[in-house]
Amino acid sequence: MPELPEIETLIRQLGNVLAGERVRAVRIFDEKLDPLPDAIDRGVRAVRRAGKGVEIDLGGPAIHIHLRMSGRLHWRSPGDIIPPHARFGIVFEAGEVLCIDPRRFATLTWHWAPAALRKQTANLLAGLDIPDIRARARGRRLPVKAFLLDQQAMPGMGNIYACEILFAAAVSPWRRAGEVTTIEWERIAAAAARILREAVYCRGTSISDWRDLFGRPGEYQRRLRVYGREGKTCYRCPARIERRKLGGRGTYYCPGCQG
DNA sequence: CCCTATGTTCCCAA
DNA sequence: CTTGGGAACATAGG
């Protein structure tokens with residue numbers, strides 16, 4: 001479920017709560033996941049986002065968490081109950097970072113040198129590099145929405161925000177990526193910068209069950225302009241919003257004004 | 001029973 | 001080898 005704004009919300013909250021903390025233990029509740037014995041007693045140097053991944057930097061080596069579809073992170077203070085579907089917990093002096101994940105897709109991995117492995121990837125919050133994007137899209141025949149969801153080109157981009165960005169930019173999700181014009185890429189880049197920043201400010205989108213580290217829902221669901229509005233009148237033209245499958249994902253768009 | 005779900009990866013065909 | 005599409009992963013809810 002979580003996309004870039006939701007992960008950004010989590011890493012900011014984790015950065016506050018884990019400052020100066022040391023890993024006391026890693027508890028594995030789901031046998032699918034491997035234990036992380038090398039994490040014990042290491043101090044937290046930083047918490048950062050890598051696309052949709054959470055990276056807890058332990059001063060060189062790092063713990064990497066990917067929440068996939070249904071994963072959540074929950075801050076458990078000492079003495080609090082453990083909620084259902086807990087898959088692992090990272091125990092610190094001040095409390096425990098619990099991963100709650102009904103569908104069990106979330107991953108927990110150990111990396112000795114993540115900085116070396118980490119590719120030089122764009123930070124979408126800093127803005128899109130239009131020449132770079134155009135070069136990557138050149139000749140590609142896949143729909144532009146599928147291109148936006150390519151994590152190599154757009155680390156952190158997810159289904160909800162891709163729909164919102166293409167609606168704001170008035171570009172059809174089915175336009176072939178290689179045929180998107182420079183003017184349209186400029187509109188997409190402007191929409192992406194604005195929407196992603198607003199969504200971070202709102203602490204994400206709580207459509208069903210997204211909650212932040214402290215169990216609070218986000219606010220961006222109140223600002224969605226197209227996602228989830230199937231059958232309702234477009235905010236920009238008289239047409240009705242439609243929903244179709246694109247690459248297996250529900251895709252909301254306005255047939256009237258998304259040329 | 002059907003379909004859906006904010007993600008990624010693997011397999012297969014062109 | 002590349003590209004793009006679909007299924008699989010596992011579970012809950014409508």
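Just so you know, these numbers use all the heavy atoms, side chains as well, and skip hydrogens, waters and symmetry mates. Naming convention: chains lettered A, B, ... in sequence-line order (proteins, then strands); numbering from 1 in each chain. Fair warning: this is a prediction, and the values are worked out from it, not measured in the lab.
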### Query
Along nucleotides 9-14 of chain B, 5' to 3', which nucleotides get a B, which get an S, and which get a -, given that the test is a protein heavy-atom distance under 4.0 Å?
------
Listed pairs, N/O of protein and of nucleotides 2-4 of chain B, under 3.5 Å:
{"residue": "B:dT4", "atom": "O3'", "partner": "A:R243", "partner atom": "NH2", "Å": "3.3"}

### Message
With a 4.0 Å cutoff (strictly under), does any side-chain N or O of A:R249 reach OP1 or OP2 of B:dG7?
### Response
yes
### Message
B:dT8, OP1 or OP2 - any side-chain N/O from A:K52 closer than 4.0 Å?
### Response
yes
### Message
What stems show up for DNA chain C when you take Watson-Crick pairs (N1-N3 plus N6-O4 or O6-N4) and G-U wobbles (N1-O2, O6-N3), both under 3.5 Å, and require three or more consecutive pairs?
### Response
B:2-5 with C:11-14, B:7-14 with C:2-9
#### Entry: Pairwise side-chain contact, A:Q258 with A:R236, heavy-atom cut-off 4.5 Å (strictly under)
yes
### Query
What are the two closest heavy atoms between A:P61 and A:R42, and how far apart are they?
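Here A:P61 and A:R42 meet closest at CG-NH1, 3.6 Å.
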## Note on the structure
Between A:L246 and A:P173 the two heavy atoms that sit nearest each other are CD1-O, 3.6 Å
In terms of hydrophobic clusters joined by side-chain contacts under 4.5 Å, are [X] and [Y] together?
X	Y	result
A:Y253	A:Y227	no
A:I82	A:I90	no
A:L4	A:L14	no
A:V171	A:I183	no
A:W174	A:Y161	no

Between [N] atom [atom2] and [X] atom [atom1], what is the distance in whole Å?
X	N	atom1	atom2	result
A:F105	B:dA5	CZ	C1'	10 Å
A:L196	B:dT6	CG	C1'	13 Å
A:M154	B:dT8	CE	P	14 Å
A:Y227	B:dT6	OH	C1'	6 Å

### Message
If you apply the rule side chain to side chain contact (heavy atoms under 4.5 Å, CB included), what do you find for A:E96 with A:R27, and how did you get there?
### Response
CA-CA 10 Å; A:E96 179 175 12; A:R27 305 204 286 172; 2.9 Å; yes
Across the strands shown, which category fits [X] at heavy-atom distances under 4.0 angstrom: base, sugar-phosphate, nothing?
X	value
A:S70	nothing
A:Y161	nothing
A:L142	sugar-phosphate
A:R104	sugar-phosphate
A:G158	sugar-phosphate

### Span of DNA chain C in contact with chain A (heavy atoms, under 4.0 Å)
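Span of nucleotides near chain A: C:dG4 to C:dA12.
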Can you tell me how far [atom1] in [N] sits from the matching atom in [M], rounded to whole Å?
N	M	atom1	value
B:dA5	C:dG4	C1'	23 Å
B:dT4	C:dG6	P	14 Å
C:dG13	B:dT8	P	23 Å

### Query
A:L149 or A:R103: which one's nearest nucleotide on DNA chain B is closer to the 5' end?
A:R103
### Query
Is there a donor-acceptor contact under 3.5 Å linking the side chains of A:E6 and A:Y220?
no
### Query
Run the side chain to side chain contact (heavy atoms under 4.5 Å, CB included) check on A:K52 and A:L67 step by step: do they pass?
CA-CA 8 Å; A:K52 293 171 198 164; A:L67 296 171; over 6 Å; no
### Message
Let's go through A:R211 and A:I100 carefully: what are the C-alpha distance in whole Å and the side-chain angles of both, what is the deciding distance for side chain to side chain contact (heavy atoms under 4.5 Å, CB included) to 0.1 Å, and is it a yes or a no?
### Response
CA-CA 11 Å; A:R211 296 294 184 275; A:I100 311 300; over 6 Å; no
Result block: side-chain N/O donor-acceptor pairs under 3.5 angstrom for residues 31-38 of chain A, not counting sequence neighbours:
{"residue": "A:K32", "atom": "NZ", "partner": "A:R104", "partner atom": "O", "Å": "2.5"}

### Query
So, the side chain of A:S206 versus the backbone of A:G218: is there a donor-acceptor pair under 3.5 Å, distance only?
yes
### Message
List the residues meeting salt bridge (charged side-chain N to carboxylate O under 4.0 Å, His left out) with A:E184, not counting sequence neighbours, and say none if there are none.
### Response
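Partners of A:E184 by the salt bridge (charged side-chain N to carboxylate O under 4.0 Å, His left out) criterion, ordered by chain and then number, come out as A:R175.
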